[in-house]
Each structure stands twice: as C-alpha cells, then as structure tokens.
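Scroll down for the structure; my scribbles are underneath it.
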Amino acid sequence: MRRKTALVLTTLLIGIACASAGCGASGGEKEAAGADSAGTKNAEAEDTAAQDTGEEDTKKKNITLTFGSHQSGLPSSGIVQQIAEEYEEKTGVRIDFQITPDAQWKDVLTTKISAGEAPDIFCSDSDPVALEDQLKPTLNCIPLTDEEWVSRIDPSVIPAVSVGEDVYAITFPGYKIYWYYYNKEIFENLGLTAPTNYEEFKHVCQTIKDAGIIPIYEAVQDGWHQQLPFYELGGYYNQLHEGLYDKLNNNEMKLTDIPEALTVLQQLKEFQQSGFYGEDFMSNSTSGDYKAIADGTYAMTLEGFGWEQSLAEQYPEMEGKIGIFTMPWADAQCIGTNPASNAYFISATSEYAEEAKEFFRYLATPEVLQQRLEGDPECIALCWPEIAPQYPQSYVDYLDSISSGTVMQAAVKYVGANWMDTGKDIAAMFADAMTPEEVLQSISDRRDEQALLMGDENWK
C-alpha cells in the first residue's frame, strides 16, 4: 500500500514546476505555460490591480470593509493587516479586522450569516467535500468565478473553494502538512532518534520525561489541536482499508469500523496518563510552543509547515536545531496532505461587494503575493504556482522518503463541520469524562446526524 510521494511532491513543489501546473491559463482556458506567457500574465495582473485599486487620489474612496476571521485565519505575523494598511493608503478603502477566538468563530459566523449581518469579507476553512453544507455559499456568498486571478491558483485547490462550477473564495496557503518538530540537541544528548512506530515513540517520550523534560507540547485550550492525530492519519487509514473514503461517503462503513481510529484515541489517552504532555496541556495554547521548545522545557511539538522558520525568526539560536518526523500513532508512517486551507469569502449581503472584489484583486497581484509569503514566517509556500515556494531541502528529502495520503477532513463528508466538537470530546477523554470508545462513537454519531440533517440519500 505504501507508495513514494513523487506525485505529491510534484503538487507540493508547485513553484518549482510552475509550467506543468498550468500557470499560463487565461480566461478560464489553459494554455501552454512558459516564461513569456507567465511574465505577460503577471504584468496583466499588475496592470489590472493598478486600475482596480484606484491608486490616484481622485479615485480614493472613503469606505470601510469589515473583515471577520478566527485567530488562526490570519498569519500571526500581521502581514495581512500590513497589506490592508498599504491598500488603504492607495485607495482610501479601510479594512476593519474583527478577530474572534478559534473555538468561537464557527458559531459566531453562523449566527451572523443567519441574521444577515455577516462581515463584508469573512474567513472560513475551505472544504472540498462539504463547502455547500457548511456555508451554503450559493446563497450567502458572492461568486468569484469570472475573476482573472482564479486561473492563476493551483488547479488542485480550486475544488476546496468551489461549489459546482462556481468559485466562491480566494485562498493563499499551500498544502498543509502537520508533523512533529523536535529539539535535536535534547535527542542527541539522550541518545535518541526520531521514532518510526508507536513503541519507539513511547520509549522516546519516557526517556525524555525521565530526564526532567516534558516530552510533548499539547495545546487543548485552542480547541482545534488535540484532534489532529485522529484526522490527519486518514490517509493512513485509507491505505490500510481499500476504498475507505468512498465507503465512508456512501455510508457503507462507519468511523467505528476503523480499528486504527480507536487505536489512535487509546494511544492519545495513554500518553496523557503517562504524563507525556506535562501538567498544563489543558490550558496551553499553540502560540506558546515557540518559547517552550526554545527554552528546552519541552522537546517536541505538533505543528504545520513554517513553524520551524518562525521559531528561528523569534529565537535565532534555534536555527538548525530542529528535526522532523511524521506522527507514528498506530504505527503510521504516512504524511497527511491537505489541499484545503483558510479562504476569504465575500458576503452576499455586503453593500460593498465590488470594493471587496477589488481588494481581492489587489491581494492576488504577484507583488502582493510575494510580499505575503515573505512576510509570514509560518508560511513557506502559496497555492499560486507563479510564486516559488521556500521548502528547505531537508523537507523535500523527507517527503520523498515516506508515503502520503489525503487527510480525512479533506476527503470525507461531515467531518470538517464537527472538527471542534471532536476536540471537545478528546478534551473530555483527557479529563476522564469519556472513554476512547465513547469518543469514537460520539464522532461517528454526530457525522450520521449531520448527514441526515443534510438529507443525504446514502443515509436514508
């Protein structure tokens, strides 16, 4: 079942293989891409932005666009806010960012949309299998299909922001991958190597704990982090059970039919009981892991692409001192890849829909795309083939040495909508209020309830 990740790397390293990714597409029709056509498109994009963003004082507008988002929906570096300030200087259009904690954003956004009070622009997780069910963009959002920049996004990402043939959002981050980052010095001092299965993982953690260091930085407070192992290993489950994703989507299998899913939950509970997360993991937030790893209090943390680079920017002494390994829960050796990410939508109730479109056009100019990538240490690639990614060679080599698969939340229906509820269940498990078996049953039951609510024919 294992396979090399050459195909995935081709997709991940979109900037390196820009021509083969269809960068030269225009007017919705793909053309052969080359240096001349790419340069022409970039020039056209810049010219279009110059026209649409009203750089001359006579075109400046005195309006405000509201922009609602959860905390993790915008780069923590503040680069999007900086770009918005520069945009205001050019156009007079002010962007009013309204940020909500991650754990609350889904309910807040749903309430605002239902009341017809959604922000002009709002950030939400894109979802290639349930976007219509979650946001109903055909009713609640402005279609963006005819925008010039649509043809310049990585084609593999378009389904995550589309319903049918229509595109409803603009998105920027490249593929998301989560893996464990570890302090090389701690491992070397204790004679440890990166684990490749669960028993090795336990041994590594016990050795680190015995040395007076907390093995893993877990962050339950944010609500979205503790469920990563369960869902990110979906590609591994799919490797072990042929046709699993199709069977789940057709209601031919339940999540409770996946033994490895229960194993992951049982092992997460075992790690918590063994003290491998320390004492403060229930109140930790993900933003605290930089300092925790840099000062040696913790040895490992589960984070996505760009975390190592952001750590080095905040703590220069840590540069070159971080290693990586994939999650070995249930003996997995499979990287989960996720083409979906945060995306920006324009509310159908906005009085300034055209001005919001103009802002999106500005964000999509090559110059601003490059500024965004360079201004966000936590992002090392965009889903825009014309912008070269910044993958370290060590990442490329590691990805090429291991199998990969699409994460569950990007391929299975009625998973993404229950993401935060899954986090609550796992938190309850850590607090001894639920067993791993009860957590798995709860996740499966909620998925069935969602399917019935949506009128899915496969659940009738």
Does [X] reach the main-chain N or O of [Y] with its side chain, forming a donor-acceptor pair under 3.5 Å?
| X | Y | value |
| --- | --- | --- |
| Tyr236 | Gln333 | no |
| Asp102 | Asp222 | no |
| Asp400 | Val396 | no |
| Asp166 | Thr145 | no |
| Gln226 | Gly423 | yes |
| Ser283 | Asp280 | yes |
| Trp105 | Cys123 | yes |

If we ignore angles and hydrogens, is there a donor and acceptor under 3.5 Å between the side chains of [X] and [Y]?
| X | Y | result |
| --- | --- | --- |
| Glu232 | Gln409 | yes |
| Glu132 | Thr138 | yes |
| Tyr277 | Asn284 | no |
| Thr91 | Tyr362 | no |

Is the distance from the ring center of [X] to that of [Y] below 6.0 Å?
| X | Y | value |
| --- | --- | --- |
| Tyr344 | Phe172 | yes |
| Tyr395 | Trp179 | yes |
| Phe325 | Tyr398 | no |
| Trp329 | Phe230 | no |

Validation row: Tyr178, Pro229 side chains within 4.5 angstrom (heavy atoms): no
Counting C-beta onward and ignoring hydrogens, is there a side-chain heavy-atom pair between Pro119 and Lys112 closer than 4.5 Å?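 Yes - at least one pair of side-chain heavy atoms lies under 4.5 Å apart.
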Going by the side chain to side chain donor-acceptor pair (under 3.5 Å) test, name the single residue among Trp307, Tyr217, Tyr298 that passes it with Asp289. Trp307
Between [X] and [Y], does at least one N-O distance fall below 4.0 Å, as a salt bridge requires?
| X | Y | value |
| --- | --- | --- |
| Lys413 | Asp133 | no |
| Glu148 | Arg361 | no |
| Lys321 | Glu317 | no |

Search all heavy atoms of Pro366 against all heavy atoms of Arg152 and return the closest pair with its distance.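 Pro366 and Arg152 have their closest heavy atoms at CD-NH2, 3.8 Å.
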Check Glu185 against Asn183 and note the closest heavy-atom contact, atom names and distance.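 Answer, listing the atom of Glu185 first, then Asn183: N-OD1, 2.9 Å.
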